[in-house]
Every structure is written in structure tokens, then in C-alpha cells.
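What follows is one structure encoded as C-alpha cells, with my remarks underneath.
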2 protein chains.
Amino acid sequence: MQTVKKTLPACPVETTLTLISDKWKVLILRDLLTGTKRFGELKKSIGNVSQKVLTSQLRQMEDNGLLVRTVYPEVPPRVEYTLTDVGYSLKPILDAMWDWGTEYKKNMSEI
Amino acid sequence: MQTVKKTLPACPVETTLTLISDKWKVLILRDLLTGTKRFGELKKSIGNVSQKVLTSQLRQMEDNGLLVRTVYPEVPPRVEYTLTDVGYSLKPILDAMWDWGTEYKKNMSEI
DNA sequence: CAGTATCCTGCCAGATACTG
DNA sequence: CAGTATCTGGCAGGATACTG
């Protein structure tokens, strides 16, 4: 899945999928769009994700230039995640998903 | 994953994810947004999906009201898939993904 | 707190055979 | 042509224990 530069598909939609289609990445984006978060905050907010997988997907997003990881050399340690401009530019996709999900739920409740 | 009405999450973004985050659904949408397609056309266009999985994900999308499946009682048989209005209303999400993927590739090629 | 290190589960892909 | 049925296997993701 990674080494993205080598495997970027021709279709731009597939390119986007390659970068954000893993199970938790959209929820990571949702949470970071409102600002910098610590690892523990993300884990709590996202829900049922395991530490290993959350760490792994955060690292991939860092490698792809979507977010920045900052380690504060304190005890206990503190690690913060912040979207880059490229990561933040995914906001229109999340907004569209938010709008559609809201409409869908409204329609379903009317049936 | 299915029985969507029972498990719709509170967050609208998660609701949308529940319906389109399976591996091939976004590509199915991409292909059907340009019009009705036959099963074989979808399979060819999407690429490496197996018959079994493509059938399964199309059925789920039908159950969720995103598309309609039409069987023509001919020999050889013909089955066509068409987006419903609800399915078509996902277009803004796909458009945003197209735009972002195009930009991302442009940025990557400049490095 | 924010991770590694292991081991394990289950989804999905691949291949093949069969049918209306 | 467009499926269904069955078996196999790889790998993303999950559970748990341990650590700087």
C-alpha cells in the first residue's frame, strides 16, 4: 500500500483512495481538522482502533506528507499530531462526506 | 457491516464511511456516475476485483439504496447497474476526491 | 503516555467448477 | 454473460503484554 510515489494510479480518485482509504485515516483527518491532537486524544475519539494500527496509519500519513508528528522530550512523553497544508486540503472531501451523511440519515428517518 | 439502519453512527462522516468505505465501492461509484453499466463493464473497468467480491459489494450498495440492479431475461443474460438519486448524490464527494488527487499528483511531480 | 513486540483473527483475493 | 459455490491463503487489522 505504501511507497506511494511508485504506485500512484492514473485515475485521481484512485490516487486519493490510495492515501486515505485505510480503515481509520478518514477519522484521523476528521479529528485533526479541528486542530492539533495528542495520541491519546485521537485514540479515545476514534473509538475501537488498536494502538498498533493507529500508530501505523499515523506513520503512513506522516510519510505521505499529510501530517506532522512532534515529540516533546518530557516525562511522561507527549506526542502531538498536526495536519500539514496538504492534509488540511482534504477538508472539502470530509465536508462533502459530512453533508451526505447528514442527508442520508435524514432520509432514512423519514421512511 | 450491513444492516445499516441499526448501526448508523452519530457522526455523519462515519455514517458515510459505513456505506462507501469497502474496498471497491468508491470505484463502483466512479464508474456508475457516468451512466448505467453492465456487470462485465464494471469488472473490466475496476481492475483486479474478483467476481465474488464485486457481486457482494454491488448487492450491499443495492440494499443500501445507492443503486438499482436490473436483470434482462435474455440469453445470454444481461444485468445492468444504475445509481439511484441517493447514489448519484454522492457525486460531490467523488468530485472532491478527483480534485484532490489531481492536485496531489501535481505537487508530487514538482518535488 | 506513547509507544514496541508477539501472536492471532478474519476479510478479501485467487482459482476453479458449475448453472440459468 | 453473470452469476453461485467452495476451498485456499495472504495480509491488514486486532488483542495483549511489555517498555523508555
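In this text, all values refer to a predicted model and were calculated from it rather than measured experimentally. Just so you know, these numbers use all the heavy atoms, side chains as well, and skip hydrogens, waters and symmetry mates.
One N or O donor and one acceptor, one from the side chain of Lys52(B) and one from the base of dG14(C), sit under 3.5 Å apart.
As judged by a 4.0 angstrom heavy-atom cut-off over every strand, Lys43(B) is placed among residues making no nucleic acid contact. Within the 4.0 angstrom heavy-atom criterion, only backbone atoms of the sugar-phosphate kind lie near Gln57(A); the bases stay farther away.
Taking only side-chain nitrogens and oxygens, Tyr72(B) never comes nearer than 4.0 Å to OP1 or OP2 of dG20(C). The side chain of Arg59(B) places no N or O atom within less than 4.0 Å of a non-bridging phosphate oxygen (OP1 or OP2) of dA2(D). For dG20(D), neither phosphate oxygen OP1 nor OP2 lies less than 4.0 angstrom from any side-chain nitrogen or oxygen of Arg78(A).
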Extract all donor-acceptor atom pairs below 3.5 Å that involve side chains of residues 66-73 of chain A and protein atoms in other chains or at least two apart in sequence.
{"residue": "Arg69(A)", "atom": "NE", "partner": "Tyr81(A)", "partner atom": "OH", "Å": "3.4"}
{"residue": "Tyr72(A)", "atom": "OH", "partner": "Glu80(A)", "partner atom": "OE1", "Å": "3.4"}

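Residue-environment remark: NZ (Lys91(A)) stays at or below the threshold of 12 foreign heavy atoms within 6.0 Å.
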*Pairs counted as Watson-Crick or G-U wobble with both distances under 3.5 Å: what dot-bracket string results for DNA chain C, using | for bases tied to another strand?*
||||||||||||||||||||

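The Pro76(B) side chain lies nearest to dC1(D) when the options are dC12(C), dC1(D), dG3(D). Which of dG3(D), dA13(C), dA2(C) sits closest to the side chain of Pro77(A) comes down to dA2(C). Residue Ser50(A) places its side chain closer to dG14(D) than to any other of dA2(D), dA13(C), dG14(D).
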